[in-house]
Amino acid sequence: MRHLIDPLDFTREETDRLLGLADRIWEHPAEYAHSCDGRVLATLFYEPSTRTRLSFESAMLRLGGQVLGFASSDSSSAAKGESVADTIRMISGYADIAAMRHSKEGAPFVASRYSAIPVINAGDGGHQHPTQTLTDLFTIRRRHGRVGGVTIGLCGDLKFGRTVHSLIKSLVRYEDVRFIFISPEELRVPSYILKEVVEPSGHTWREARAMEEVMPELDILYMTRVQRERFFNEEDYVRLKDSYILTPEKLCAAKESLSILHPLPRVNEIAPEVDHDPRAVYFQQARGGVFVRMALLLALLGLEKGVLDGEGA
Ligand code: NCD
């Protein structure tokens, strides 16, 4: 049985095959409309979510399966002090696969150790968010034809943003990716990611403080929200929250072929006028997340052979 806790739980080949399956589902959804008949997905969300939870639920429903779960910790027995380990043991009897979001780093990993069903990390604290990364890679591939060969600017809260951490981990496995990390000093990419992931990869990287400085170079601009819930005090959040605001004026210097991604939700970091720009692909990105999660459910449930290693074609 396989889980998806960290983006590196799947090899690059497995990841690419999964994205290929997502493409096929996108093009021929009717062929998959009953693939999960009789299967149940549990969504265990201890932290707020709109896209991730609903796209997982939509994915299972579109595959013919059913869903159950909770959308906040106060509506589950966590409020009474139940451990994640106990919860997942029981859920293993109620569902065939589970997606878990938790504010504590490592909670989905702990759950996977006690689970009898596949566990998917749907975001753990400021740590990882592997299914958002699959969605990001899927979007980049559909826009640029392949994942590698791009200059990507990651902008905003690179310290607490789990989507950024997972995306960097995955992107270093592709050829010819140049990273530009655009953040205030206080929200720089954590040094463990620079030292353990970026530097050993040999990929080119640098840091910038202003997005204007680097705009003309970028093929992808990955905007992120300043993660208010992970700050220790409100004052720091207020000081940093509007560090970057993408406007149509700033885009004048950008390439025509730029793709602007954002895992969403957005707060102030992208002005609404940018939404009309053909380079703004964040809503398409969110839509793609459903097909990616459909592919993931099929692969982890063993219903689509040949995607994950050890499951013959
Ligand atoms: C992200 C998350 O939860 O980490 N949202 C998402 O899943 N699409 C990004 C964020 O909350 O800023």
Side-chain angles (χ1 to χ4, degrees), residues 4-7 22 41 43-59 69-73 98-109 119-140 152 154-171 181-184 187 189-190 193 220-231 236-237 240-246 259-270 275 280-294 296-297:
L4 177 61
I5 305 300
D6 183 282
L41 163 72
T43 50
L44 314 176
F45 277 60
Y46 296 85
E47 245 199 357
S49 169
T50 302
R51 266 151 300 277
T52 306
R53 186 171 63 83
L54 296 182
S55 64
F56 261 115
E57 297 194 356
S58 172
F70 51 84
S72 72
S73 53
M100 176 183 286
R101 168 169 291 190
H102 206 290
S103 56
K104 287 217 174 75
E105 287 82 2
F109 172 72
V119 175
I120 301 165
N121 177 5
D124 62 326
H127 192 215
Q128 300 291 332
H129 194 345
T131 67
Q132 181 63 47
T133 293
L134 292 171
T135 303
D136 302 339
L137 299 178
F138 183 68
T139 310
I140 295 171
I152 178 166
L154 295 122
C155 178
D157 188 345
L158 310 186
K159 177 179 182 185
F160 296 116
R162 56 195 174 196
T163 66
V164 168
H165 305 160
S166 286
L167 184 56
I168 296 171
K169 263 186 146 176
S170 264
L171 279 177
F181 301 122
I182 312 158
S183 76
L187 300 178
V189 179
I193 295 194
I220 297 163
L221 174 59
Y222 193 91
M223 295 295 297
T224 62
R225 168 181 76 90
V226 176
Q227 307 277 300
R228 178 180 207 158
E229 64 277 31
R230 317 240 182 265
F231 276 70
D236 285 347
Y237 170 72
L240 294 168
K241 72 183 173 64
D242 292 329
S243 300
Y244 300 101
I245 301 179
L246 182 64
S259 296
I260 307 162
L261 275 69
H262 191 312
L264 302 177
R266 113 178 95 184
V267 186
N268 273 338
E269 58 279 0
I270 302 182
D275 299 355
V281 296
Y282 28 91
F283 291 114
Q284 293 163 43
Q285 181 186 356
R287 178 160 184 260
V290 176
F291 301 100
V292 165
R293 291 182 173 98
M294 287 169 87
L296 179 64
L297 291 173

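Both ligands and their constituent atoms are indexed starting at 1 by order of listing. For clarity, every value in this text was computed on a predicted model and none was experimentally measured.
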## Note on the structure
Nearest heavy-atom contact between Ile168 and Val189 is CD1-CG1, 4.2 Å
### Query
Between Glu47 and Arg230, does at least one N-O distance fall below 4.0 Å, as a salt bridge requires?
yes
### Side chain Arg101, main chain Ala122, donor-acceptor under 3.5 Å
yes
## Note on the structure
Protein neighbours of ligand 1 with a heavy atom under 4.0 Å, given by chain and number, are Arg51, Thr52, Arg101, His129, Gln132, Arg162, Thr163, Arg225, Gln227, Pro263, Leu264, Pro265
### Query
Going by atom types alone, do Gln128 and Asp124 pair a side-chain donor with an acceptor below 3.5 Å?
no
### Query
Would you find a donor on one side and an acceptor on the other, under 3.5 Å apart, between the side chain of Ser103 and the backbone of Gly125?
no
### Message
For Tyr237 and Phe231, take the angle between the two ring planes, folded into 0 to 90°, and tell me which bin it lands in: parallel under 30, tilted 30 to 60, perpendicular over 60.
### Response
perpendicular
